[in-house]
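Notes follow the structure.
Just so you know, ligand 1 is whichever comes first in the structure, and atom 1 is the first atom listed for that ligand. Note that this is a predicted model, so its numbers are computed, not measured.
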Amino acid sequence: MPPKQPAPKAWPSSILYLTAPIYSPTITKDHLTALRTQDPTLPSINTTKGPSNLVKITPISSPTHPANGQSGLFASMDLKPGTFILQYLGEIHCSPDPRHSNPEDNIADTHSTSNYDLSLDRELGIGVDADKAGTEARFINDYRGVAERPNAEFKEIWDERRGERGMGVFVLPEGRKGKNKGIRKGEEILVSYGRGFWGARKDDGE
Ligand SMILES: C[S@@+](CC[C@H](N)C(=O)[O-])C[C@H]1O[C@@H](n2cnc3c(N)ncnc32)[C@H](O)[C@@H]1O
């Protein structure tokens with residue numbers, strides 16, 4: 001278990017605040033080798049540890065917001081197009097569990113139903129799940145029902161500090177027609193979870 005870190009304001013006491021990932025026992029040496037092999041196409045980021053001064057976790061109390069009663073992540077200063085905002089940390093895991101060749105021996109995969117699980121390496125089945133532990137990034141909502149379009153995106157990075165691939169949150173680049181103007185101070189940071197996320201939850205009443 002990583003050492004306890006000072007958490008950002010409004011951080012829930014039931015969730016562990018991380019400055020480095022947690023590695024599930026489902027992650028093998030080969031997975032770690034793959035994650036620790038630099039891919040020159042990835043943006044190389046000198047990440048910082050601890051609460052970010054670019055963002056603020058804010059409880060949502062607007063009845064028109066589809067995540068009313070939950071929280072969201074808001075910009076605490078103007079952020080230019082393409083800016084790296086912060087890292088999405090969580091438990092790095094592999095699903096299905098490679099330790100069992102017979103799927104019936106698999107311990108229930110809680111990550112498959114997590115609302116905080118992002119894919120890090122689709123080919124190897126590696127994900128990063130911030131359900132029980134993470135950074136401020138776990139509070140980023142989907143743009144649907146909130147704004148016309150997303151203003152940020154999840155994108156893989158090379159974390160220079162750890163020498164490892166990871167998931168980052170970036171302000172959307174300007175785009176060819178200059179449509180994306182960045183994120184203004186006080187604006188909610190919104191990504192697109194993708195239709196797959198909502199498709200899988202259609203029958204759960206979400
Ligand atoms: C990664 S969490 C986002 C943070 C969450 N709002 C919180 O306070 O912990 C994903 C969950 O947030 C909610 N959510 C995010 N975006 C939403 C949207 N556009 N409409 C409805 N619910 C949303 C859903 O409950 C979803 O399962």
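Listed by number with element, the atoms of ligand 1 under 4.0 Å from a non-hydrogen atom of Phe139 are 4 (C), 7 (C), 8 (O), 9 (O). Per-residue contacts place Tyr116 under 4.0 angstrom from the following atoms of ligand 1 (heavy atoms of the residue considered): 1 (C), 2 (S), 5 (C), 7 (C), 9 (O).
Counting heavy atoms closer than 4.0 Å to ligand 1, residue Ile60 contributes nothing at all.
Between the side chains of His65 and Glu188, at least one donor N or O lies within less than 3.5 Å of an accepting N or O. Side chains of Thr41 and Asp39: a donor on one and an acceptor on the other come within 3.5 Å. There is no side-chain donor-acceptor pair under 3.5 Å between Ser114 and His111.
Considering backbone and side-chain atoms alike, Tyr143 places every N or O at 3.5 Å or more from each N or O of ligand 1. Looking at ligand 1, you'll find an N or O of Asn141 within less than 3.5 Å of one of its N or O atoms.
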*Let me see the working for Arg184 and Asp78 under salt bridge (charged side-chain N to carboxylate O under 4.0 Å, His left out), right down to the final yes or no.*
CA-CA 4 Å; Arg184 303 300 299 266; Asp78 290 352; 3.6 Å; yes

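Looking at Arg144, Gln70, His65, Arg138, it is Arg144 that brings a heavy atom closest to atom 19 (N) of ligand 1.
Not a single heavy atom of Leu73 sits less than 4.0 Å from an atom of ligand 1.
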Taking only distance into account, with no hydrogens and no angle test, what donor-acceptor pairs under 3.5 Å do side-chain atoms of residues 82-93 form with protein atoms, sequence neighbours excluded?
unit_1: Thr83; atom_1: OG1; unit_2: Lys80; atom_2: N; d: 3.3
unit_1: Thr83; atom_1: OG1; unit_2: Lys80; atom_2: O; d: 2.5
unit_1: Gln87; atom_1: OE1; unit_2: Arg162; atom_2: NH2; d: 2.8
unit_1: Gln87; atom_1: NE2; unit_2: Asp159; atom_2: OD2; d: 3.0
unit_1: Tyr88; atom_1: OH; unit_2: Tyr116; atom_2: O; d: 2.6
unit_1: His93; atom_1: ND1; unit_2: Ser95; atom_2: OG; d: 3.1
unit_1: His93; atom_1: NE2; unit_2: Asp117; atom_2: OD1; d: 2.9
unit_1: His93; atom_1: NE2; unit_2: Asp117; atom_2: OD2; d: 3.4

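Figure legend: cation-pi geometry between Lys155 and Phe170, with NZ or CZ positioned under 6.0 Å from the six-membered ring centre and within 45° of its axis.
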